[in-house]
Structures are given as C-alpha cells and as structure tokens.
Amino acid sequence: MASEVDEKGRQAESSDTEERSEKKSASTAGSDDAGTGGATMEEVGGDSNAGVSEVSEEISSLAVSEKGPDDDVDKPEITLRADKLNEEVEAAEPSQIKTIAAEDTPYTSAQTFEELNISENLLRGIYSEMKFERPSKIQGITLPMILSPPYHHLIAQAHNGSGKTTCFVLGMLSRVDPNLKAPQAICICPTRELAIQNEEVLLKMGKYTGITSTCAISEFGKQTSSRRGPVVDQIIIGTPGTIKRWITSKILNLRHIKILVFDEADHMLAQDGFQDDSTRIIRYIVKDNGGCQVLFFSATFDDTVKNFTVKIAPKANQVFVKKEELSLDVIKQYRVKCPREADKVAVLKDRIFPAAEKLGQSIIFVRTRASASNLHRRLDEDGYKCTSIQGGLSNEERDRVIREFRCGQTRILIATDVLARGFDQAQVTLVVNYDLPIKNSFPNDPDYELYLHRIGRSGRFGRKGAAFNFLVTGTDEDNMNKISSYFNREIPEVPWDDDDAFEKVLKEAGLA
DNA sequence: AAAAAAG
C-alpha cells in the first residue's frame, strides 16, 4: 500500500514517469486500509521545556512575531481537530501520524490539489510535469496548513521518500506573488547537492508559473558575492554559508520574504549541525521585515532538536510520526559480521558488487573523508568500477561524481554522510553501512537518525531496497542491537562468506 | 578522532 501512496508523493526525475502514472495513485482514500483507524495519538507540545539555551529564547520571542494583524488569538488549549484529520487520511498510508494544530485553527486534509486554491499554472506543473494526481498523505495534511492564513509555522515529520520536497516546494511556489519581482521565499539545505536537487524539483513544478529561482551555493570560479548584483529571483534555495553571505553583503534583500523553509530541519537546528547559521538567518529576517512563516521538514527529529524547534516556533502546527513507524518495511535490513576489518572489502567485492551490478545502483557509506577516498582507491586498483564523494573534493569534482551517478554511468558510489540525507535517486536499491553511523559526542552510541536517513537512500517512493550493515567489533554489535530495538525492527544476520545466503536474502528483499 | 558550509 505504501508504494502507491509514495508514488504520488514522489519528486523523482522523468526517468520513472511510466510507472508513476500507471499506478493507481488516484485512490488516496484506499478504502481497503480503512480498518487501520484508531491512530495512537501521543501527547505532544506542553513538554517542550528541556534545556534550551538563552539564544533560543531570544529567537522564540522574535520568531513568533508573525507579520500581519492576526496576532489576536492566544488560546492555550489545543484543538485536536487532528484526530478527525487522521481518520480521513489514515487509509492512504498505514503509518501513524499525530498532528497538533496551532491554536484553534481547523484544517481539513486535502484530497485533491484543486481544493488547495493554487494557481492554474501551478496545477499544470503538478499534473503535467510532476505527474501527480492527488496529494499524498503528508501533502494532504500539511499543504492546507502551509497555504491557509494566518500562515502558521509548521514542524513536519514524514517518512523518507514520502514527498516532503513537494510539500515545501509547492508551498513556496504558491505563497510567492508572481508579480512581485523580489526575493519572497528562502529554502535552506544542509548540502549543496540537496540544494541543487531541490531547485530542480522547483523548476519542474513551477515551470508554468513564471516564478524565478536561484541556487545559493558556493560555485568555484563563479562570481563572488561582491561582484554579483542584487538577487531579483523570487525563490532562493541554498546552503547556510552562502545565504548568510548574500544577506550580510546586502545582495539578498529580506524585506519581502514571506516564507522560510528548513529542509532536513533537525540537522539544520542541531547544535552540532547548523543551529547557529539557521537561527542567525531567522533573526536577519525578523529584523528586516518582522518575521515570516517558517517550515521545518525532516524525516527525523530527536527529542532535543524537537524541543528546540518547538521553542523557536512556539505556535507552529506540528505533524509527527512515531519512531517505531519510521523505519520503512520496504527496506530490508541485514547485519554482516566480518571477522576482521579487512574482510569488509572482501564482502564488498565478492557479495555486494556482483549483486549491485544486477540490481540498480548502490551507495556505500563510510565514516570519514579519508576512508572514502582510501576505499575508492583500493577498489579502483583492483579493477572495480566505482566513484566516491566527500566534502574534501572540489565542487566541480562533486558535481561530476553526482552527474555520473545520476545518469547511471556509475553504479556504485562510496560516500560520507554528505549524501546521507535527502539525496534522491530512484535506482538506488542497495545501501551499505561500511561503517555504522555513530554519535560523535557519544562514540559508544549509534546515530539513529543518521542510520534512518542513510538506509532511506534506497527504497525511494515505495520501491524495494536493502541495507547491509558491516560489523566487526563488539561495539559494532552493541550499536546494531541498539538500532534494532530503537526502531523495533529485527535485523537478521547474513553470513559474511556465504554466497547463497546473500542470494537468498536479496530475493527476500524483492531484489534478485 | 566526524561531516557538513564557507572563509
């Protein structure tokens, strides 16, 4: 079921058009699943007082000041129009999503794009370019929240590959005034690859709107901020550093910004992520025009960052998924115990590569830049065809590696966590955690969020996928077990030296 | 003992 739903929500390239349009994506209400009702509603909000820094308090008081005269209502009680809402959409996706509407604003989930009151030109892009028929579950819930006055902030969590990009791209395109030739929307992403990808979706969906956009990422050899003229494009999608530089060097005017989007929001607001940059940009906007609607989108929000987000956007609409529900069943997960570190390469060569050749494309995640290039070099020397990407490469090099992978010229890509989040390539069926993701601050704990994002690079839009986790040490095993129980998923072992076992497991995953 | 952005 999940697959049909996801088909609707996809932001994929044209390469998969055939499949997408023939799927019965029109049946959002998927009556067969109606029995799954009774979504568990967890308590939300209220408890968001964990240790939050003073900075955030400051932001909070600033960020609330929504532009416009609608600052009247201040009722503490939260109207759970949400449960009605859940029943309506529950049928579409089996997962449990809990929704908290800001104040007493009632929202009805959208069953069609027409009822969202978006422009004809935008509808045309949605149908003829994106080939969407109806909103996916997450789209149906969040789009009315994004598009209805008084334009509350939104904190939204949704599964990998469920159509988050569409939500905020459509949101930006719809809220921008096509006749005002000035920056009106900003989207901030953690990597330049993601910024580029998101702008591609935006260009496609907004093809007939006449709305213009620009990508604010560092471009080697291109004009520096000082030599660049003022930004006249209406939507800016980029990475924190460049956006900040454009703002401080006055080439990006914030006066007409009405919507700000954080993609991979948990990372953008994490203390060891981009929290400082993100809060600074919010402050700039507040200072220049009194603030704007802010959207926070991610597949994951750990408790700390969730509390922080609620803190800086106190009156936001909230949409959350239980963590046990996040790990997609379409992605089969396995552990591979390797006797020694050196055996990892052997498993790659003997089991993964042969399979990968037949099964689409693969991404192999390693922990450091150095191990990415080392592994790449070793395999290269032995005649295995693969490429690697990490933040130490030049921008041109990165662009080239991505381009080659996008067009299928390369099938196996070694990567650091630069590609862990958001990277959307429908043909990726295999993900290998050559090194498990671990928390930098607590090396004995796995990074659950990163794990989920990594394996989410496969199984896009309900396709099949498999993830192999390489384990060597006792710590590896401990971490694997923690991940397994955190998401409440069995992660069975595949013997590292058994061809048949791998064969069998790939069949089981629906790949072989 | 990390990676990401960017200077």
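Quick note on labels: first sequence line is chain A, next is B, and so on, each numbered from 1.
Along DNA chain B, the nucleotide nearest A/Asn395 and the nucleotide nearest A/Ala370 are compared for position; the residue whose nucleotide lies closer to the 5' end is A/Ala370. When the nearest nucleotides of DNA chain B are assigned to A/Asp272 and A/Arg398 by heavy-atom distance, the more 5′-ward of the two goes with A/Asp272.
Rounded to an integer number of Å, the gap from A/Asp266 CG to B/dA4 P is 17 Å. A/Lys244 has its NZ atom 13 Å from the P atom of B/dA5, to the nearest Å. For the pair A/Tyr451 OH and B/dA2 P, the interatomic distance rounds to 23 Å; values are reported in whole Å. Nucleotide B/dA3 holds its P atom 18 Å from the NZ atom of A/Lys439, rounded to whole Å. Look at CG on A/Asp276: it is 16 Å from P on B/dA6, rounded to the nearest Å. What separates CG of A/Asp447 from P of B/dA2 is a distance of 15 Å, to the nearest Å. As a whole-Å value, the separation of A/His453 NE2 from B/dA2 P is 21 Å. Taking atom CD on A/Gln275 and atom P on B/dA3, their separation rounds to 21 Å, with Å as the unit.
For A/Thr416, no side-chain nitrogen or oxygen approaches OP1 or OP2 of B/dA2 to under 4.0 Å. When the side-chain nitrogen and oxygen atoms of A/Arg280 are compared with OP1 and OP2 of B/dA6, none of them lie within a distance under 4.0 Å. Considering only side-chain N and O atoms, A/Thr242 lies nowhere under 4.0 angstrom from the phosphate OP1 or OP2 of B/dA5.
The line from CD1 of A/Ile455 to CZ of A/Phe365 is 10.5 Å long, rounded to the nearest 0.5 Å. Rounded to the nearest 0.5 angstrom, A/Glu490 CD and A/Arg335 CZ are separated by 8.0 Å.
A/Arg421 comes within 4.0 angstrom of no nucleic acid atom, judged by non-hydrogen atoms across all strands. Note on A/Asn440: a base of the nucleic acid sits closer than 4.0 angstrom, heavy atoms only.
Distances from the side chain of A/Arg367 to the nucleotides B/dA1, B/dA4, B/dA5 place B/dA1 closest. Listed nucleotides B/dA2, B/dA6, B/dA4 differ in distance to A/Thr368; the shortest reach to its side chain belongs to B/dA2.
A donor atom on one side chain and an acceptor atom on the other are not found under 3.5 Å apart for A/Asp233 and A/Ser213. In summary, the side chains of A/His267 and A/Ser298 do not present any donor paired with an acceptor at a separation below 3.5 Å, with no hydrogens or angles considered.
Between A/Val432 and A/Ile363 the shortest side-chain heavy-atom distance does not fall below 4.5 Å.
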